[in-house]
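Notes follow once the structure below has been shown.
On a predicted model such as this, the values are computed, not experimentally measured, just so you know. Just the heavy atoms: all of them, side chains too, but no hydrogens, waters or symmetry mates, feed the values below.
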Amino acid sequence: MTVPRERSIPTIFVITLLAAICRLAALGQPMRFDEAVSWAYYVGRPWATIVGTYQQPNNHVLYSLLAKLCAEGVNYAPWALRLPALVAGIAVVPLTWQVGRRFADDTSALFAAALSVGATQLVLYSTNARGYTIVVAVFLALLLIADDLRTHATVWRWVAFAVLAAAGLYAIPVMLYPLGVVCLWLLLASRLTAPAQRTPFQVSLVAAVVASALIAGILYLPIIQSAGLRALTGNKFVAPSSWAQFVDELPRMVGSTLASWTSPLPLWCIPVMAVLALLGIRRPTNSGRPSLALAVALWCGALLVATHRAPFVRIWLFLLPLFFIATARGALRVARRFTTREIPHVSLVAIGLGVASLAVAVFTHAAEQSDDTGAFRPAEQVTALLAPRLHRGDRVLAPIPAIGPLLYYFPRAGADTTLLTVSLDVSNRAFLVLDAHQGQTLAWAIANHIIDPAVFAEPTLLAKYPDGELWETSRR
């Protein structure tokens, strides 16, 4: 069933509003490891530090600049640090609808947008001060521009394509994955054009890609001069693994990705949604567009083989809107196998689906409960208890992930962050912060040589939280 555009616009407005409510409900969650470390080493430092240093991939440079711009005037409050991610994360919902209208159909587009409302990964990264939702939004926008270029290849559209692609690369270098998908799709689209237009189109595509690479290279130049190009392309998180390890990791990566994409729905939804998505991938024969699924498979498969490294599940976040579009279209195709009747009141059904998605996300707190990017939920309470007790000669032993959030909360409570890293050899007293959710116990700390019982007395439990413990000990 085709939904008139004049009815789709108010419907997608309501669905986007539901998505905003869902994300705002999770915006105040405790700071996570990755975003806290990003603040400590980049966002909370001078502007020159952000654009000129890359000690680790925590510096999503474009995001760091936007976060500093938003948060510096309000003492780097968590909501302000997360504001750019929130705005991009909300924008993903109407962009999903627009892409669904172009590459599928109106009904699938509305249903896909509704599924995006409470999707755990989209909610989590919309409330996490990282650049991933910017990459997703840029990818969807590039798809829309690319589809316009397919039929109306104007100079200004190519310029917009190059600038937007460069912005995505400056947000996170892993933009190489979604950008490559769009470029390969455009290359496939060029084969469907008239022979006289094919070569100029392909030349323009190459020029746009080169221009985006040059713009990104200029933006990254201070980092390249100070840390070398390898800091961006050869860090430990993207370094190739052995082929045996890669083959072993690949099935787990696929399973974890599907599990994250279907959260917060029950586990039995994983195979159901995967089958529906496969059914929805097939293009209509009269679409006039090349297969987007083929471009995804070819480019991402080639990059995986070239790097032979299974990336973090979050790298595939840019594909989640496409997964929802394919799932919605697959479900509609199954429904039409059993009945020729069209779905009545499509707009109301889509809004109802969005409300249900919102309700499940809010009541399960799935995004807040996720451990992705390192969560230590009692960090602020631990800081409040420790801050008045700490003195020179103390040491706070906080293994990952606890140390990240403590780096953020310590200065806000007036505690000295050097006590998180000072040598234990010169410390007379130690506080041990353990994440029980990660299986960190006192016995675990001793077994991993975090604290030496021969040097320090038996620790005393100061506080116990649902997800953590705080212990105190003194040198013998």
Report yes if the side chains of L420 and L407 come closer than 4.5 Å at any heavy-atom pair, otherwise no. yes

Once rounded to the nearest 0.5 Å, what's the spacing between atom CD1 of I351 and atom CG of L18? 7.5 Å

Does this structure show an ion pair linking R412 with E380, if we count only N-O contacts that are shorter than 4.0 Å? no

Is there side-chain contact between L424 and S427, with at least one heavy-atom pair below 4.5 Å? yes

Checking L317, I315, L169, L179 against V174 for side-chain contact (heavy atoms from CB on, under 4.5 Å), the one that qualifies is I315

Is a donor on one side and an acceptor on the other found under 3.5 Å between the side chain of S242 and the backbone of Q245? yes

State whether the side chain of R476 and the backbone N or O of P453 hold a donor-acceptor pair below 3.5 Å, judged by distance alone. yes

In this structure, CD1 of I15 is separated from OG1 of T11 (nearest 0.5 Å) by 6.5 Å

Please name the residue in the list F139, Y125, F312 that meets the ring-ring contact (aromatic ring centres under 6.0 Å, His included) test with Y132. Y125

Would you say V51 and L65 make side-chain contact, with heavy atoms under 4.5 Å? yes

Quick one: side-chain hydrogen bond (donor to acceptor under 3.5 Å, both in side chains) partners of E469, sequence neighbours excluded? K464, W471

Is the Y170 to Y220 ring centre distance short of 6.0 Å? yes

Straight-line distance of T421 OG1 to I403 CD1, nearest 0.5 Å: 7.0 Å

Centroid separation under 6.0 Å, is that true for the rings of W261 and F324? no

What residues form a salt bridge (Lys or Arg N to Asp or Glu O under 4.0 Å) with E472, not counting sequence neighbours? R429

Basic-acidic side-chain contact under 4.0 Å: D371, R32: no

For E35 and R82, which heavy atoms make the closest approach, and how far apart are they? OE2-NH2, 2.6 Å

For the residue pair Y177 and F318, categorise the inter-ring angle as parallel (less than 30°), tilted (30 to 60°) or perpendicular (more than 60°). tilted

Counting only heavy atoms not in Y41, do more than 12 fall under 6.0 Å of its OH? no

Geometric cation-pi criterion, R45 with Y42: 6.0 Å, 45°: no

Distance, nearest 0.5 Å, that separates OH of Y465 from CZ of F376: 8.0 Å

Ring centroid separation F323 to W316 under 6.0 Å: no

Side-chain donor/acceptor of N448 to backbone N/O of I450, under 3.5 Å: no

How far does OG1 of T16 sit from CG of L95, to the nearest 0.5 angstrom? 9.0 Å

Report the distance from atom CG of L115 to atom CG of L110, rounding to the nearest 0.5 Å. 11.0 Å

Partner of R395 under side-chain contact (heavy atoms from CB on, under 4.5 Å), picked from V422, L419, I451, N428, is V422

Evaluate whether atom CZ of R475 has more than 12 neighbouring non-hydrogen atoms of other residues, nucleotides or ligands under 6.0 angstrom away. yes

